[in-house]
Amino acid sequence: MESPKDKSKPPSLDDWKELAKVQMKGRSVDELVTESGEGILVKPLYTQSDVEDLSFRDSMPGLPPYIRGTQATMYAGRPWTIRQYAGFSTAEASNAFYKKTLSGGGQGVSVAFDLATHRGYDSDHPRVSGDVGKAGVAIDSVEDMKILFDEIPLDKISVSMTMNGAVLPVLAGYIVAAEEQGVPQENLSGTIQNDILKEFMVRNTYIYPPEPSMRIIGDIITYCSREMPRFNTISISGYHMQEAGADSALELAYTLADGKEYIRTALKAGLSIDDFAPRLSFFWGIGMNFYMEIAKMRAARMLWNNIVEEFQPNNPKSAILRTHCQTSGWSLSEQDPYNNVVRTTIEAMAAVFGGTQSLHTNALDEAIALPSEFAARIARNTQLIIQEETAITEVVDPWGGSYMMESLTQQIANKALELMEEIESAGGMAKAIETGLPKLRIEEAAAKKQARIDRGDEVIVGVNKYISTEEDEVEVLEIDNEQVRESQINRLKEIKATRNQKALDDVLNKLTACAESGEGNLLELTIEAMRLRATIGEVSDAMENVFGRYRAQTQTVTGVYGEAYQGDQDWMEIKKIIEGFIDREGRRPRILVCKMGQDGHDRGAKVVATAFADVGFDVDLSPMFSTPEEVARQAIENDVHIVGVSSLAGSHKSLVPELIKELKSLDAEEVVVIVGGVIPKQDYQQLLDYGVKCIFGPGTPIPKAAAEVLEIVTGVNSS
């Protein structure tokens, strides 16, 4: 007879393993260990032994290394700021939205600008005909800025502006609009993103090459540190890296590496670390990997504290990482869209448990189109409910002391340090970007993740598992691009007809001279120009005359997506059809994957290009920001069978018809045009009527898309 266990001893890990083995019918608990996308092993059970060697076990909120929060009392003293990111159509329409949001419980304004503004073009420029007002608000001058913030007291409401490329005229326009509202610069609070390094990796809304872009950042930090002490001069963004496919460790490492590069830039401009570091802020994306996102934010504060300490600050605030967060847009699905409310809630809670200072929650319809007023209200109320109804805010750091969370915090910090060392060995982030290394690492992570989803290894409810046979009708916000552009052009004509052109020309010439000589402050001169009613495009052109406009080199990773499909029967069947095509035609089927207009989000295009190449297509990529005419010419010159248009910014109804028209005018009607991306179902028939052969919405498995395209080109069905 087995002797009874000593009940005076607490249960041990071995006791648990023994019990678990019985309940699992003899299987080992090691089978329950999983590996995250970051390569971190996640165990089903953590114990005290997992945290015994951690140096930060006894850390406290508000004290270095700030793992447990930036403030001693965190949300028990003051909840995070509810800040909804929005902007669409005209300044008038966006202003009305902001005022309604503020009256309904919003606590700050976050401005989304249209792509024409991001890229430094006025609304009347021919390259932006399909982009004006579509993915944000169109801003051409101070007059638009004044309308945007009409009756919004800029001395009381903080303003966050997601702007990097045309950062000088946009920030200057905001400053002048505030002046003319009666608010001096020193009373302005908020944040300008001003994070250009990230743009060269993922989002691509740059204008100038990296070196002059970094000079612009230095001038902004210098000016604002002197004149705008309450304003955050930079929001170092990991969000767009995650949206482009980076896992949490890559996002963490590359964002902090960017931050270190900005410190060096400011020091080079003659500032001391304490002059500007307290006004730096960060911006994280929050996805569905709940535990890892919380650990990422805790690790970020620890690592940033260590980075800043290298520069020997005297002000304790210099080493504190303060952050805004936004729930993931990429995790939202077109299928079963009301599931997105749940996803956003989970992500919002991860941001809160991670200790964010402000938060934007995405709307349920953002995988389909711009958010409707109905969906935006639910997104905002999600935060209000967490703040007001859950009692989550009553505890400073609920995860402090958790064996699992403290262990994950250290592990993701270690992963990030390895990646940061790789960047440092390349000479810092600016040098690493020139080699293309960070961009390729992110694209590789995106391809791996997409392959896991397409194979069903990573579940998305309603997309690759538990798929509904019914489609929910979702109200979609529709922007009349032509009407918005006409309105903007009329205002531009009025401004140019009534301003002092000679005085403006003098200032614009000084701006060009400043860019050329390196003497003077570019923001200071831009403010002068905006007071004289310069336009965004004119200011950008004045510097482009010296700096030039950056052209990215297109490249893709290979083999990453296809590796996940080795031995897959359907994948092999597609390859077999392609081999038959080669035997008949003497070459592979060839596809040109393109981005048109000013939309720089190229995750979808790059993943599709990688996957199609891995299965056997010859794949070409168009240069970023191509016009329909340029894409049509490239299609003919490269003798492609298919043009695949990736559209995420709402300009598909204007640019795709132009592309088809161009192909017809060049006697290339036989080229098959397909479209993928964020496209409302209500637009499908219109695109099909224009001549589009296939439309692939978010969540379409790439092998399925490849098989459909191949059937159109070859007439052979792979199923």
Side-chain angles (χ1 to χ4, degrees), residues 35-43 46 50-71 74 236-239 241-242 246-260 263 280-310 319-326 328 347 349-357 359 396-424 429 438 441-442 445:
E35 184 174 336
S36 72
E38 297 77 15
I40 293 172
L41 295 180
V42 181
K43 302 190 298 184
Y46 290 80
D50 290 296
V51 298
E52 283 176 348
D53 296 330
L54 301 187
S55 60
F56 54 79
R57 277 192 307 157
D58 299 321
S59 63
M60 296 299 289
L63 297 170
Y66 306 107
I67 287 172
R68 302 194 65 186
T70 59
Q71 301 293 323
M74 287 302 288
I236 307 159
S237 172
Y239 179 84
M241 296 182 201
Q242 186 179 113
D247 58 50
S248 293
L250 279 170
E251 180 194 6
L252 175 57
Y254 289 174
T255 307
L256 295 181
D258 283 351
K260 193 169 187 178
I263 286 178
L280 298 177
S281 68
F282 287 77
F283 174 23
W284 303 117
I286 306 295
M288 286 297 288
N289 194 341
F290 186 75
Y291 298 136
M292 202 63 70
E293 294 293 5
I294 300 170
K296 175 185 76 181
M297 294 176 67
R298 294 164 63 84
R301 289 190 289 271
M302 175 179 67
L303 292 174
W304 185 246
N305 174 77
N306 296 343
I307 287 169
V308 175
E309 286 297 328
E310 294 176 26
I320 296 176
L321 185 152
R322 294 163 301 106
T323 192
H324 172 70
C325 288
Q326 181 173 339
S328 173
E347 291 166 349
M349 290 182 69
V352 169
F353 282 136
T356 191
Q357 277 64 67
L359 177 62
V396 173
D397 177 29
W399 290 93
S402 159
Y403 299 144
M404 178 271 297
M405 186 54 66
E406 304 291 20
S407 177
L408 284 185
T409 298
Q410 185 64 65
Q411 288 184 76
I412 196 170
N414 292 343
K415 283 282 181 185
L417 282 170
E418 290 175 18
L419 292 162
M420 289 166 69
E421 286 167 10
E422 182 180 50
I423 296 299
E424 282 293 291
M429 185 55 88
R441 287 270 188 270
I442 292 171

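- Contacts of Gln71 classified as side chain to side chain contact (heavy atoms under 4.5 Å, CB included), with partners at least two apart in sequence or in another chain: Met74.
- With rounding to the nearest 0.5 Å, the separation of OG in Ser248 from CE in Met297 is 11.0 Å.
- A 4.5 Å side-chain heavy-atom check between Ser59 and Met302 finds every atom pair outside the cut-off.
- Scored by the side chain to side chain donor-acceptor pair (under 3.5 Å) test, Ser402 finds no partners at all (sequence neighbours excluded).
- By the side chain to side chain contact (heavy atoms under 4.5 Å, CB included) test, Phe290 is found to be paired with Ile294, Ile346, Met349, Ala350, Phe353, Trp399, residues two or more places apart in sequence or in another chain being considered.
- Judged purely by atom type and a 3.5 angstrom limit, Glu406 has no side-chain atom pairing as donor or acceptor with the backbone of Val51.
- Here Ala300 pairs with Leu252, Trp284, Leu321 under the side chain to side chain contact (heavy atoms under 4.5 Å, CB included) rule; sequence neighbours left out.
- Residues meeting the side chain to side chain donor-acceptor pair (under 3.5 Å) test with Glu310, sequence neighbours left out: Lys260.
- Screening residues 407-423 for salt bridge (charged side-chain N to carboxylate O under 4.0 Å, His left out), with sequence neighbours left out, gives Glu422-Arg441.
- Applying the ring-ring contact (aromatic ring centres under 6.0 Å, His included) test to Tyr239 and every residue at least two apart in sequence or in another chain returns Phe283.
- Summarising the local packing, OH of Tyr291 is surrounded by 12 or fewer heavy atoms from other residues, nucleotides or ligands at distances under 6.0 Å.
- In this structure, CD1 in Ile40 is found 5.0 Å from CD1 in Ile412, a value given to the nearest 0.5 Å.
- A donor-acceptor pair is defined here as one N or O able to donate and one able to accept, closer than 3.5 Å; such a pair exists between the side chain of Glu251 and the backbone of Gly285.
- The CG atom of Leu280 sits 12.5 Å away from atom CD1 of Ile320, with the distance rounded to the nearest 0.5 Å.
- For Asp50, the side chain to side chain donor-acceptor pair (under 3.5 Å) test picks out Lys43, with sequence neighbours left out.
- The side chain to side chain donor-acceptor pair (under 3.5 Å) check on Gln411 picks up Ser407, with sequence neighbours excluded.
- In this view, Glu293 and Lys296 satisfy the salt bridge (Lys or Arg N to Asp or Glu O under 4.0 Å) rule, not counting sequence neighbours.
- From Ile236, atom CD1 reaches atom OG of Ser281 across 7.0 Å, with rounding to the nearest 0.5 Å.
- How far CG of Asp247 is from CD1 of Ile442: 9.5 Å, rounded to the nearest 0.5 Å.
- With sequence neighbours left out, Asn305 forms a side chain to side chain contact (heavy atoms under 4.5 Å, CB included) with Pro64, Pro65, Tyr66, Glu309, Ala319.
- Put simply, the side chain of Thr409 never gets that close to the backbone of Ala299: no donor and acceptor are under 3.5 Å apart.
- Judged by distance alone, with hydrogens and angles left aside, the side-chain atoms of Arg301 form a donor-acceptor pair with the main-chain N or O of Ile67 at under 3.5 Å.
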